[in-house]
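Heavy-atom basis, side chains included; hydrogens, waters and symmetry copies ignored.
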Amino acid sequence: MKYWSQFFIPTLKESPADAEIASHKLLVRAGLVRKLGGGLYTYMPLGLRVMQKLSQICREELDAAGGIELWMPHVHPVENWEQGPRWAAAREIMFRTDHAGAGKGRSKEPEFVLGPTHEEVITPLVKQEITSYRDLPKNFYQIGTKFRNEIRPRYGLMRAREFVMMDAYSFDANDDGAVKSYFAMKAAYEAFFKRIGVTAIAVEADTGVMGGSFSHEFMVPAEIGDDDVIYNEESGYAANREKATSAFVPADLAAAAPVGVVEEFATPGATTIAALAAQPYGIAGDQQFKTLVYMGDGKPFLVILRGNDDLEEAKLGSLGFTLFRAATPEEIEPVLGAKPGSLGAVKGTTKNPDALAGIFADHAIRLVGNGVTGANKDGFHLKNVNVTRDLAITKFGDFRRVRVGEPDPKGGRPLSVKRGIEVGHIFKLGTKYSEKFGAVYTDDAKQNHPMVMGCYGIGISRTMQAVIEQSHDADGIIWPWAVAPFQLIIVVLDPSLPETSGLAKELGGIAEKAGADVLIDDREERPGIKFKDADLIGIPMRVVIGSKGLKDGVIELKIRGQKDVQKIPVAEAGERLAAAIRQASSRS
RNA sequence: CGGGGUGUAGCUUAGUCUGGUAGAGCGCCUGGUUUGGGACCAGGAGGUCGUAGGUUCGAAUCCUAUCGCCCCGACCA
């Protein structure tokens, strides 16, 4: 039981100037957080209580799923990262210590980094501690601070430089076990989000810099989300746009027969798909091949798409390059022999084919069959280019961005899109890290194998904001019961009177016994301020004790977000309140 | 890192174009009247106008540099 006057809940009437979205404004207005700098926040007493509740529920669900909690350092020797598989890609977002040596009597200071996640720490630890199949599987987790020097922090806690995350790492003897661990975690995540009263849907996701073989993200549907979820409600298909695919290209599509010899024609000034589609050429986008040049680990490679399709850049991650980016015109010309706008991949037209790391084609170009592409000669294109005869494709793959309305891959129904906030992510990693760090075990036939890993994250602080984004109204936050900083607020309208303050204390005690965290607003403020504040900070259950009500022998009980107010005789108040609390607790 | 915007009291801001005593609301302090949905009256404290240079008789205002913050893009839990 806390008294408002002795606690610290600095609420604000006005929204801070630097907040744009509802949840960010409410975080600040309700006194949950205060900003130190971009992406750096103090969790104020009320916000900390929510974080602690989220952490505890997360802990309980992971423990139930077999997780083992530990605590790893946030400061990592840089060597761990240099040894790991993703240093090149991850270093950009990592905070690093000064490497200078002066002043401490050493020729060179050791270099440290602040941990953005902990694969590079847990894997060497497990290598050291676990060597036998008898000790597998194991799933370790921690709940703590993560550091990422985000280029652009955003929306309060939504993308912060320092944030609180649960991260878990599973180690299995074989792939079947790893799949089992993965789906046990998926179930634990679903239980967690259900308990905290948040709608979060699991969607197929790209594995990104983390690597690994498959992955799901947990998305809270919200307009302000950073991600597009492509889905069909009926079939149950849901995927991040980066990963989403469609049945747009039939799997059994036959290869198109050639229609004639490849022929060069002049296209002065026409350097875009649209320009070729216009007069005088009139070549529709779906009759063109689009040739893009990328650099993969320093070597150029080509991506061929249907003319009117867009590249989904994240899908290039499946090609296995550690780092890739679009090539610059200066890099393109020596390889292909032309500037962007006249590029193609027809055999014999590339200036320096040996420089290429590969030619990768999206399946959809098979729909083009015979089409037009750049001649690798500025101002010229080729027609009658046949996919199988004329293009030396290294590998076909899914590289195009899906479009809304295309048939979903599960049932052929039209795909839709909505925005989502990524609050959790699970990866089946495979042996990427265990091989790099030598985390092997010996099986019952004395054979050594790398452990098969999975890794899992829930953004606890981001989830707190996602809850607000999903659950608020014009007056303020509406906390789900399980994560509310306090579940019951007792508003004492005349706190100086012994009968009101005495009754508040008595009812508060009863409510606590029934399982609620209780806040008593005992401030000497006008009623309006107290009601507004109670709504703003979003306490789910409210009792009002005032001398007016006591004259009639009643107190009031109201549920946040509902309109009706129950008047309850003082004599029944304790019992009725306890019952209401038990009911609310059991529902959450 | 590219593009756009912005920095004035604890908070929200006016004033900047067109240089001339820095103004308001909220909050805070004192006194009074109030007291069931962000009260009212009277009085008061609080600002080197992000920072550093420059132009000028004179700079919040014009110029240059620099830093912070916000938004859009590429990345992430």
Side-chain angles (χ1 to χ4, degrees), chain A residues 10-21 24-25 28-29 31 34-40 58 89-90 92-94 116-117 143-168 189 200 205-210 215 217-220 224-227 240 242 313-314 317 323-326 420-427 455-466 475-476 491-497 524-536 542 544-551 555-556 558 565 567:
Chain A
T11 57
L12 299 174
K13 223 184 264 190
E14 282 176 295
S15 291
D18 57 12
E20 291 255 322
I21 64 169
H24 186 191
K25 290 176 184 169
V28 180
R29 285 191 56 210
R34 286 293 184 263
K35 184 167 76 178
L36 173 65
L40 301 171
C58 184
E92 287 175 32
I93 61 142
M94 294 179 68
T117 65
I143 300 173
T145 307
K146 294 284 173 283
F147 301 88
R148 295 186 192 172
N149 198 358
E150 295 286 350
I151 304 158
R152 184 155 92 82
R154 228 156 90 96
Y155 293 157
L157 304 179
M158 210 55 98
R159 194 191 308 166
R161 289 197 166 102
E162 181 182 325
F163 59 98
V164 175
M165 177 166 132
M166 181 292 298
D167 48 323
Y189 272 43
D206 184 66
T207 53
V209 72
M210 207 62 91
S215 163
E217 286 166 344
F218 284 76
M219 295 284 193
V220 173
I224 56 97
D226 267 350
D227 294 276
N240 191 307
E242 294 181 344
E313 209 170 76
L323 286 174
F324 57 84
R325 59 169 174 81
I421 302 165
E422 183 189 346
V423 287
H425 204 155
I426 56 179
F427 299 86
C455 73
Y456 317 89
I458 292 177
I460 299 288
S461 42
R462 179 184 282 183
T463 298
M464 172 160 81
Q465 187 169 350
D475 294 317
V491 178
V492 188
L493 293 185
D494 308 280
S496 55
L497 303 176
E524 294 282 356
E525 293 285 358
R526 297 169 59 81
I529 290 178
K530 295 184 165 192
F531 292 137
K532 286 286 185 190
D533 271 345
D535 286 346
L536 177 61
R542 186 184 84 186
V544 177
I545 300 175
S547 52
K548 221 179 227 178
L550 290 189
K551 246 180 244 162
I555 60 146
E556 288 169 17
K558 183 176 176 297
V565 176
K567 294 199 190 275

Query raised in the report: Does A/Asp475 make a side-chain donor-acceptor contact with the base of B/G37, cut-off 3.5 Å?
Result: no
Query raised in the report: In whole angstroms, how far is the C1' atom of B/C69 from the NE2 atom of A/His24?
Result: 11 Å
**Report entry** Nucleotide of B/G73, B/A77, B/C75 approaching A/Glu242 most closely (side-chain heavy atoms)
**Finding:** B/C75
Query raised in the report: What is the nucleic acid contact for A/Asp167, judged by heavy atoms within less than 4.0 Å: base, sugar-phosphate only, or nothing?
Result: nothing
Requested in this report: Please state how far atom NE2 in A/His425 lies from atom P in B/C75, giving the value in whole angstrom units.
Outcome: 14 Å
Report summary line: If one requires at least 3 consecutive Watson-Crick or G-U pairs with distances under 3.5 Å, the stems of RNA chain B turn out to be B:1-7 with B:67-73, B:10-13 with B:23-26, B:28-33 with B:39-44, B:50-54 with B:62-66
Query - Of the listed nucleotides B/C72, B/A77, B/G37, the one nearest the side chain of A/Glu150 - result: B/A77
Query raised in the report: Counting just side-chain N and O atoms, does A/Lys13 come under 4.0 Å of either OP1 or OP2 of B/G27?
Result: yes
Query - Sugar-phosphate only, base, or nothing, as touched by A/Lys35 at under 4.0 Å among non-hydrogen atoms - result: sugar-phosphate
Requested in this report: Go through B/G25, B/G38, B/A77 for me and flag the one nearest to the A/Glu14 side chain.
Outcome: B/G25
Query raised in the report: Contact class for A/Ala19 vs. all strands (heavy atom < 4.0 Å): base, sugar-phosphate, or nothing?
Result: nothing
Query - Spacing of A/Arg161 atom CZ relative to B/C76 atom P, expressed in whole Å - result: 17 Å
Requested in this report: May I ask you to say what A/Thr463 touches in the nucleic acid, namely base, sugar-phosphate or nothing, with a heavy-atom cut-off under 4.0 Å?
Outcome: nothing
Query - Touch class at under 4.0 angstrom, heavy-atom based, for A/Pro16 against every strand present - result: sugar-phosphate
Report task. Using a heavy-atom cut-off of under 4.0 Å over every strand shown, decide if A/Tyr155 touches base, sugar-phosphate, or nothing. Result -> sugar-phosphate
**Report entry** Side-chain N or O of A/Arg154 closer than 4.0 Å to phosphate OP1/OP2 of B/C72
**Finding:** yes
**Report entry** Nearest-nucleotide pick for A/Asp226, side chain only, options being B/G38, B/C75, B/A77
**Finding:** B/C75
Query raised in the report: A/Lys532 has an atom NZ; how far is it from atom C1' of B/A39, in whole Å?
Result: 14 Å
Query raised in the report: Which one, B/C76, B/U12, B/A77, comes nearest to the side chain of A/Asp227?
Result: B/C76
Requested in this report: Mind calculating the distance between CZ (A/Phe218) and P (B/A77) to the nearest angstrom?
Outcome: 14 Å
Identify all pairs in which a protein N or O lies below 3.5 Å from an N or O of nucleotides 34-36 of chain B, and state each distance.
{"residue": "B/U34", "atom": "O2", "partner": "A/Arg526", "partner atom": "NH1", "Å": "2.7"}
{"residue": "B/G36", "atom": "O6", "partner": "A/Gly549", "partner atom": "N", "Å": "3.3"}
{"residue": "B/G36", "atom": "N1", "partner": "A/Glu556", "partner atom": "OE2", "Å": "2.9"}
{"residue": "B/G36", "atom": "N2", "partner": "A/Glu556", "partner atom": "OE1", "Å": "2.3"}
{"residue": "B/G36", "atom": "N2", "partner": "A/Glu556", "partner atom": "OE2", "Å": "2.5"}

Query raised in the report: Can you check the A/Glu524 CD to B/C28 C1' distance for me, whole Å?
Result: 18 Å
Requested in this report: Using atom CE of A/Met94 as one end and atom C1' of B/A77 as the other, report the distance to the nearest whole Å.
Outcome: 16 Å
Query raised in the report: Looking at A/Gly546 and A/Leu493, what are the two nearest heavy atoms and their distance?
Result: CA-CB, 4.0 Å
**Report entry** Gap between atoms CG and P, on A/Leu536 and B/G37 respectively (whole Å)
**Finding:** 18 Å
